[in-house]
Amino acid sequence: MREIFTGLPWWVKWIAVPVIALVVFGGLIASVVGFVINLLFKLLVCVALIGGLIYVVRKFMTGSTSRSDW
């Protein structure tokens, strides 16, 4: 691979090849980034809901006098 790029000008190596790669794989890159962001958002919502549930349960458990039900 190195032999292919040795005789080429610098702008082909550092500008043209990355631009072509972005054009060809841009949709794939965008969908992967979108999937990761969507997964992180759902994970954040899940953590917030579980934290809220734990907060509400602890609030009611400290308010109730009968803890021996468990």
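None of these values were measured; they are calculated from a predicted model. Just so you know, residue 1 is the first one in the sequence shown, and it goes up from there. Any value given below was found using the heavy atoms of this structure, including those in side chains, with hydrogens, waters and symmetry copies removed.
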Participant: Under 4.5 Å between side-chain heavy atoms, hopping through other hydrophobics if needed: is there a path connecting Leu44 to Ile37?
Facilitator: no

Participant: Quick check for you: to the nearest 0.5 Å, what is the distance between Leu28 atom CG and Ser31 atom OG?
Facilitator: 5.0 Å

Participant: Which residues end up grouped with Val47 if you chain together Ile, Leu, Val, Met, Phe, Trp and Tyr wherever their side-chain heavy atoms are less than 4.5 Å apart?
Facilitator: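 Joined to Val47, directly or through intermediates: none.
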
Participant: Going by side chain to side chain contact (heavy atoms under 4.5 Å, CB included), name the residues that satisfy it together with Pro9, two or more places apart in sequence or in a different chain.
Facilitator: Trp11, Val12

Participant: Please test Phe35 against Val32 for side-chain contact (heavy atoms from CB on, under 4.5 Å), starting from the C-alpha separation and ending with a verdict.
Facilitator: CA-CA 5 Å; Phe35 175 75; Val32 168; 5.7 Å; no

Participant: Is Leu8 linked to Ile15 within one hydrophobic cluster, defined over Ile, Leu, Val, Met, Phe, Trp and Tyr using a side-chain heavy-atom separation of less than 4.5 Å?
Facilitator: yes

Participant: Not counting sequence neighbours, which residues clear side chain to side chain contact (heavy atoms under 4.5 Å, CB included) with Ile20? List them please.
Facilitator: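 Ile20: side chain to side chain contact (heavy atoms under 4.5 Å, CB included) contacts with Val24.
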
Participant: In the hydrophobic clustering (ILVMFWY, side-chain contacts below 4.5 Å, transitive), which residues join Val45, or is it alone?
Facilitator: Phe41, Leu49

Participant: For Ile54, what are the other residues in its hydrophobic cluster, where any two members join if their side-chain heavy atoms are less than 4.5 angstrom apart?
Facilitator: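 Members alongside Ile54: Ile50.
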
Participant: Going by the rule side chain to side chain contact (heavy atoms under 4.5 Å, CB included), which residues pair with Trp14 if we only count those two or more places apart in sequence or in a different chain?
Facilitator: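 Applying side chain to side chain contact (heavy atoms under 4.5 Å, CB included) to Trp14 gives Trp10.
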
